[in-house]
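Just so we're on the same page: letters track the sequence lines, and every chain starts at 1.
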4 protein chains.
Amino acid sequence: MSTARTGVLPTRRRGRDRVAAILDAAAAVFAERGFDAATMTEIASAACTAIGSLYRFFPNKDLLADAVFSRYADSMLDTLDVLVLQAPLLGPEALAEALVASGLQQRPYRDAAVALADERNEGPLLRKALRASIRDKVGLILAAATGLPATQAARMAPMVLQAMKAAPVLLREGLDPEAVVAEARRMIACYVAGSMQPACTAAGR
Amino acid sequence: MSTARTGVLPTRRRGRDRVAAILDAAAAVFAERGFDAATMTEIASAACTAIGSLYRFFPNKDLLADAVFSRYADSMLDTLDVLVLQAPLLGPEALAEALVASGLQQRPYRDAAVALADERNEGPLLRKALRASIRDKVGLILAAATGLPATQAARMAPMVLQAMKAAPVLLREGLDPEAVVAEARRMIACYVAGSMQPACTAAGR
Amino acid sequence: MSTARTGVLPTRRRGRDRVAAILDAAAAVFAERGFDAATMTEIASAACTAIGSLYRFFPNKDLLADAVFSRYADSMLDTLDVLVLQAPLLGPEALAEALVASGLQQRPYRDAAVALADERNEGPLLRKALRASIRDKVGLILAAATGLPATQAARMAPMVLQAMKAAPVLLREGLDPEAVVAEARRMIACYVAGSMQPACTAAGR
Amino acid sequence: MSTARTGVLPTRRRGRDRVAAILDAAAAVFAERGFDAATMTEIASAACTAIGSLYRFFPNKDLLADAVFSRYADSMLDTLDVLVLQAPLLGPEALAEALVASGLQQRPYRDAAVALADERNEGPLLRKALRASIRDKVGLILAAATGLPATQAARMAPMVLQAMKAAPVLLREGLDPEAVVAEARRMIACYVAGSMQPACTAAGR
DNA sequence: AATGAATGAGTCTTCATTCAT
DNA sequence: GATGAATGAAGACTCATTCAT
């Protein structure tokens, strides 16, 4: 949907396959090298495509990165949409588990998304907008789950997101997957739980 | 100590000033643009030095980045060394405050360190080793503070470090400084506190 | 006549329309951007045709440019053919008016022709031959109009052509159309008239 | 003076020589191929320089073209400045001779200037401004020489310039140099002379 | 030691042209 | 016949790094 918002939209089957292959390859290369160090040539050859074909569908590197990122972000937003509704019923542990899980979806893409999220690029990139959307939605979820006022939930959202991002980052570094996931859940769960008890909330100050 | 480990060591006063100016400039540029987008030329001109002089002291970009990173990491390690001793006496809140503070030191350098930490470079870079040292030391602190076994503390350390890093990251994005710092502290405090209560620890599984 | 000298000749009505649309589009794009900056893709889409169809009729860019140029040149040659006959009866002013007018025909094509005429391409392009034909014909006209020997008229022809080309060039730059046309006529008229008076002719030397 | 207005100004002898070599090479290549078809790589190798050195002094192709063009235009403007003063004393033939001569200076550069003058580029290029300056100055000269009002002289200037440009253009095409120069002079002389006689002036309408 | 010029591999991107459907 | 996807050779430009002065 938010894929390939510029560039030619493939009309034939062949083109659609190619676009999918390119996105997969781009995700892998961005994940491996980061935005700047990734080269369009490497992505093209990883997708078994000529460089020209790459540019047919994605007119430049930024838009390609946007497409990769939004593939991940879109699915995450869908997951979070569901969580918004479930949140009131979830305890801190279950909520934390769901949040961490949502950040671990889409294996090749999540690592790319993490790499792309740190970009220092400026300009009206889709990535920025999507990041903001995700942050907002996490805020909604926190508000629904904790019963805290929206402003307080919005203050917490960035930190929760960082903790969610920590899981893929640390997995990528080769740490023990079980431990990483467990600790990420625990950190978020404790944070959320703590936010619901006046005592621990006060600790912030 | 780990400053300028390769390249000519400046012997005269003039040389030492020059190195300091270069490091400051490099920190600012790396923080502003990230590793890849930073150019040696911009760093040189920000340091009011000729590009040739830059290379005299830092034979390549990676080593320069290492030097910048280690200036930050060294001071953080010093701070953490002190914390190792104080940890047994600190409650979760005080500990969290100290940890977050340690990650906010050295204004121009901390942002550079954050930018450089995300580099996907490989090879035997000093940065990696320093990151590992910091991680280990945070593990020691956590063990000392919580009384937990070293292995459990080591599992927690990476997440705590991610939370510590979150503060400078979010500050750089322009979020409200007070809120960011408060929430970072709270997250760590809750996590540490939760780790000391059997109940919440269980939540991890 | 010299249209589409290579490539498939369209036999059906549909094909002929398509060729006409392509030529019009090509003229517009060449006029707007010049030969090098014009792209086959833009021309195709301006003609509402697929790039593949464009190449069916015009096997490469140079030949397409030749076709566009010759459409203009052919009509100019026709006009000049008439002038050859009328020339003996025309005074300098009337002759100048007719010459300038002949260069202002075919609005979209004349600008394209001007743009294409300046191309520094080499090789046996049709454009070169046509330019030579036009030059020769203008020489004939001048000889007929002035009564000068053919060699002298041939010396003058290139300059007269340049003056004729000046009108579309200056119009394209946005100068006042009336003034441009009037001065172009005057320049040619004066030149022709001067060539018929021994006195002014001598000035050349 | 107007050379290399951006890019590094060479401070050492070596750099100054290099800049001169680059300009010469660029003039030759632009003259040979035109702006678009000229490649920076070819210019660099014609100047016996690495591509990087080319970009050190001329940060992009447009600026390089500007520098080449202005080298020609500056000297032409100087020549025309003198002509402004002499014009009242000059008859049409002498004036025409001087004007044509001014357009034939600086052999490698004049051909480049002719090629660059036809560019369809937009944007605030120096070339455009210089062209306008030259046009204005020719207007001044014509006014001074003919005694006509400035507005009328300004109408004539573009045509005179086109005629001046015709000489290098036609020489480049390999026509007989003597004939070309003689006819260019005659055309301008007749035009100027004609503009001073009410009769021929009327012919414009 | 310092300076800044020189180098050239490598990057993104474009576009004429070909080909499979 | 038409369509649009595929191709890859260039081209403009950057920048880490080396070297002569």
Side-chain angles (χ1 to χ4, degrees), chain A residues 8-19 36-45 48-62 64, chain B residues 8 10-12 14-15 18 36-45 49-62 64, chain C residues 8 10-12 14-15 18 36-45 49-62 64, chain D residues 8-19 36-45 48-62 64:
Chain A
V8 175
L9 291 170
T11 56
R12 302 185 185 172
R13 158 82 71 73
R14 185 117 161 273
R16 235 156 321 137
D17 293 348
R18 187 73 39 132
V19 164
D36 281 318
T39 79
M40 294 299 265
T41 303
E42 182 179 3
I43 291 171
S45 81
C48 297
T49 307
I51 185 73
S53 302
L54 178 51
Y55 275 91
R56 175 172 183 80
F57 299 110
F58 303 96
N60 62 53
K61 197 178 174 182
D62 258 319
L64 175 57
Chain B
V8 174
T11 48
R12 319 253 176 98
R14 187 117 156 276
R18 179 104 4 153
D36 282 312
T39 77
M40 294 298 267
T41 303
E42 183 180 2
I43 291 170
S45 85
T49 310
I51 185 75
S53 302
L54 177 50
Y55 272 88
R56 171 162 297 277
F57 297 114
F58 302 95
N60 65 50
K61 197 178 177 181
D62 259 319
L64 175 57
Chain C
V8 174
T11 48
R12 318 255 176 96
R14 186 118 157 276
R18 178 111 356 160
D36 281 314
T39 77
M40 295 298 266
T41 302
E42 182 179 3
I43 291 170
S45 85
T49 308
I51 184 76
S53 303
L54 177 50
Y55 272 88
R56 171 162 298 277
F57 297 113
F58 302 95
N60 65 51
K61 195 178 177 181
D62 259 319
L64 174 57
Chain D
V8 175
L9 291 170
T11 55
R12 302 185 184 171
R13 159 81 70 73
R14 184 118 162 273
R16 237 161 315 140
D17 293 348
R18 186 75 35 137
V19 164
D36 281 319
T39 78
M40 295 297 266
T41 304
E42 182 179 3
I43 292 171
S45 81
C48 299
T49 307
I51 185 72
S53 301
L54 179 49
Y55 276 90
R56 175 172 184 80
F57 299 112
F58 302 96
N60 63 52
K61 197 178 175 183
D62 259 318
L64 176 58

Practice task
Please test Met40(A) against Phe58(A) for side-chain contact (heavy atoms from CB on, under 4.5 Å), starting from the C-alpha separation and ending with a verdict.
Solution key: CA-CA 10 Å; Met40(A) 294 299 265; Phe58(A) 303 96; 5.6 Å; no

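Residues Leu64(D) and Phe57(D) are not in side-chain contact: their nearest non-hydrogen atoms beyond the backbone lie 4.5 Å or more apart.
When the nucleotides dG4(F), dT14(F), dA6(F) are ranked by their closest atom to the side chain of Arg18(A), dA6(F) comes out on top. Candidate nucleotides dT17(F), dT3(F), dT7(F) were compared by shortest atom distance to the side chain of Ile51(B), and dT17(F) ranks first. Looking at the side chain of Tyr55(D), the nearest of the listed nucleotides dA12(F), dT14(E), dG4(E) is dA12(F).
The interatomic distance linking Ile43(A) (CD1) with dT11(E) (P) rounds to 12 Å, in whole Å. We find that CZ of Phe58(B) is positioned 14 Å from P of dT17(F), with the value rounded to whole Å. Summarising the geometry, the separation between CD on Glu42(D) and P on dA12(F) is reported as 10 Å, rounded to the nearest angstrom. As rounded to whole Å, 14 Å separates atom C1' of dG4(E) from atom CZ of Arg56(B). In this structure, the CG atom of Leu64(B) is 14 Å from the C1' atom of dT17(F), given to the nearest Å. Per the geometry, CG belonging to Asp36(A) stands 13 Å off C1' belonging to dC15(F), to the nearest Å. Going from atom CG of Leu54(D) over to atom P of dG11(F) covers 14 Å, rounded to whole Å.
Taking the nucleotide of DNA chain F with the nearest heavy atom to each of Lys61(D) and Asn60(B), the more 5' of the two is matched to Lys61(D). Between Met40(B) and Ala37(D), the one whose closest nucleotide on DNA chain F sits nearer the 5' end is Ala37(D).
Residue-level contact check: Ala38(D) touches the backbone only, with heavy atoms under 4.0 Å from sugar-phosphate atoms and none from bases. Counting any heavy atom pair closer than 4.0 Å across all strands shown, Ser53(B) reaches a base atom.
When all heavy atoms are compared, the tightest approach of Ala37(B) to Asp36(A) is N-OD2, 4.2 Å.
Taking a pair as Watson-Crick or G-U wobble with both distances under 3.5 Å, DNA chain E forms stems of 3 or more consecutive pairs at E:2-21 with F:2-21.
Counting only distance, with no hydrogens or angles, the side chain of Lys61(C) and the backbone of Thr39(C) share no donor-acceptor pair below 3.5 Å.
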